[in-house]
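The block underneath contains the structure these notes are about, expressed in structure tokens.
These numbers come from a predicted model, not from an experiment. Lettering of chains follows the sequences in order, A, B, ..., and the numbering in each one begins at 1.
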Protein chains: 2
Amino acid sequence: MAKDTKVRILNAAETLFAEQGYAQTSMRTITARADVNLASVNYHFGSKKNLIQAVLKRYFDLLMPQVDEALLTVQPRLGAQGVEAVLAALVPPMMTLSQFRSNGTEIFVQLLGRGYNETQGHLRRFIMNGYGETVGNLVAAIRACLPQIPDQQIFWRLHFAIGSFVFSMASSKALKEIAAADYHQQVEIADVINNLVPFVAQGIAGSPVAPD
Amino acid sequence: MAKDTKVRILNAAETLFAEQGYAQTSMRTITARADVNLASVNYHFGSKKNLIQAVLKRYFDLLMPQVDEALLTVQPRLGAQGVEAVLAALVPPMMTLSQFRSNGTEIFVQLLGRGYNETQGHLRRFIMNGYGETVGNLVAAIRACLPQIPDQQIFWRLHFAIGSFVFSMASSKALKEIAAADYHQQVEIADVINNLVPFVAQGIAGSPVAPD
DNA sequence: GTCTATAGATCGATAGAC
DNA sequence: GTCTATCGATCTATAGAC
């Protein structure tokens with residue numbers, strides 16, 4: 001074995017899952033890319049479902065402790081500036097994923113987007129079960145910036161924000177191609193995030209919506 | 001035949017596609033739900049791919065002319081208010097889809113979200129080929145509100161906005177359940193959209209981002 | 001741990017009778 | 001137009017030799 005078979009499978013799987021989606025990626029494609037035997041996935045991971053979770057876990061275990069730490073350093077401020085500060089604090093932890101793996105940041109967010117759309121709630125439970133405390137810390141930090149916004153509306157806005165994030169990454173390949181063709185702009189993941197953070201911060205911090 | 005077989009298939013297919021995604025929905029599931037014979041899909045539509053397009057076309061042909069008309073009635077205004085006015089003008093056309101079909105608005109947006117994530121650019125081409133003019137009108141209306149924002153940044157923000165929209169609809173079932181459990185709130189599609197429009201308008205109209 | 005071979009299921013599509 | 005029957009391809013998962 002050149003390198004650990006388990007790691008070779010994880011590396012091949014995460015790339016393919018991010019590019020094509022979970023259901024569209026077969027074990028045959030994964031094992032061919034990883035240059036390992038077809039049966040080894042089931043030997044090492046038990047099933048395709050477990051492999052998907054193992055791929056995600058590798059990233060979350062790296063990211064979430066950094067997020068916890070980063071949230072502690074944020075200077076509390078009210079309003080859109082405060083929200084933007086919280087979101088900006090998430091960027092460096094996200095970026096470290098590309099040190100762990102080439103294009104790691106992009107791959108991770110694409111996996112997130114795929115997971116939300118394909119796995120019918122499994123991903124959500126996986127996150128809340130394993131990393132619910134970190135998620136809670138993040139939500140609390142944002143809520144603290146917006147004492148005048150009702151919890152319900154913060155709830156909605158956070159999900160809209162996740163949508164912006166996840167969608168733009170899931171279709172980042174197409175977006176990059178369009179940006180290159182129409183604006184002759186070489187797009188990096190950092191550019192996307194730099195545009196995304198203020199967009200989302202503005203949306204989250206907007207005036208409360210009148211109740212129905 | 002009770003009702004036209006073709007319509008029975010379209011009705012069954014759109015619901016299942018929206019709930020489970022295109023790839024995850026088999027022709028057997030569709031024909032069982034529609035209570036028609038398995039072979040009838042290929043007889044009437046030729047292939048599964050054509051069926052997907054036919055499902056989308058039914059909605060777009062209903063929606064897009066209304067969008068064109070609605071855009072003509074918008075009072076041009078600068079800034080976030082102008083953007084919000086443009087977006088608000090899209091809401092009534094979207095809502096008419098629920099007259100055409102029960103839960104039509106929700107189904108349509110879910111189909112959009114699924115399409116963007118699953119069909120690797122096919123949906124985008126389908127839209128731009130068939131309805132590119134309407135899309136162009138919409139983009140122009142928003143651009144006119146924001147003369148100080150570079151085109152590149154409007155491009156990004158519009159895609160973030162699409163992401164918010166599409167994601168929140170694609171996971172609207174889960175979001176509704178959470179909202180009901182945590183906030184004892186009965187959520188309708190209109191509630192989601194009423195929260196979404198100002199969120200997106202704020203994000204789109206924010207100050208320009210400093211160039212890299 | 002790694003491999004071959006294959007079981008067992010499901011899929012889209014179609015031929016051909018009615 | 002509708003049906004049955006089935007082809008051929010593809011998938012995950014596993015049994016069993018090495």
Could you run through nucleotides 3-18 of chain C and give me one letter per nucleotide, 5' to 3': B if any protein heavy atom sits under 4.0 Å from the base, S if only the sugar-phosphate is that close, - if neither? BB------BBBB----
So side-chain hydrogen bond (donor to acceptor under 3.5 Å, both in side chains) across residues 24-34 of chain B, not counting sequence neighbours, yields Q20(B)-T25(B), S26(B)-T29(B)
Distance only, no hydrogens: is a donor on one side chain within 3.5 Å (strictly under) of an acceptor on the other, for S40(A) and T5(A)? no
Can you tell whether the side chains of E177(A) and R124(B) come within less than 4.0 Å, N to carboxylate O? no
Take the protein atom NZ of K6(B) and the nucleotide atom C1' of dG1(D), then report the distance between them rounded to whole Å. 12 Å
Could you state the CZ-P distance from F45(B) to dG1(D), rounded to the nearest angstrom? 12 Å
Do the side-chain N and O atoms of D61(A) and Y131(A) include a donor-acceptor pair separated by under 3.5 angstrom? yes
Side-chain donor-acceptor pair present, R58(B), N11(B), cut-off under 3.5 Å: yes
Is the centre of the H122(A) ring less than 6.0 Å from the centre of the F126(A) ring? no
Please find out if less than 6.0 Å separates the ring center of F60(B) from that of F108(B). yes
With respect to the phosphate group of dG1(C), does any side-chain polar atom (N or O) of T5(A) fall under 4.0 Å of OP1 or OP2? no
Could you identify which residues of residues 11-18 of chain A place a heavy atom less than 4.0 Å from some atom of DNA chain D, listed by residue number, or say none? none
Send over the distance from D4(B) CG to dT2(D) P, rounded to a whole Å. 8 Å
Could you tell me whether E14(A) and R101(A) have a side-chain N and a carboxylate O separated by less than 4.0 Å? yes
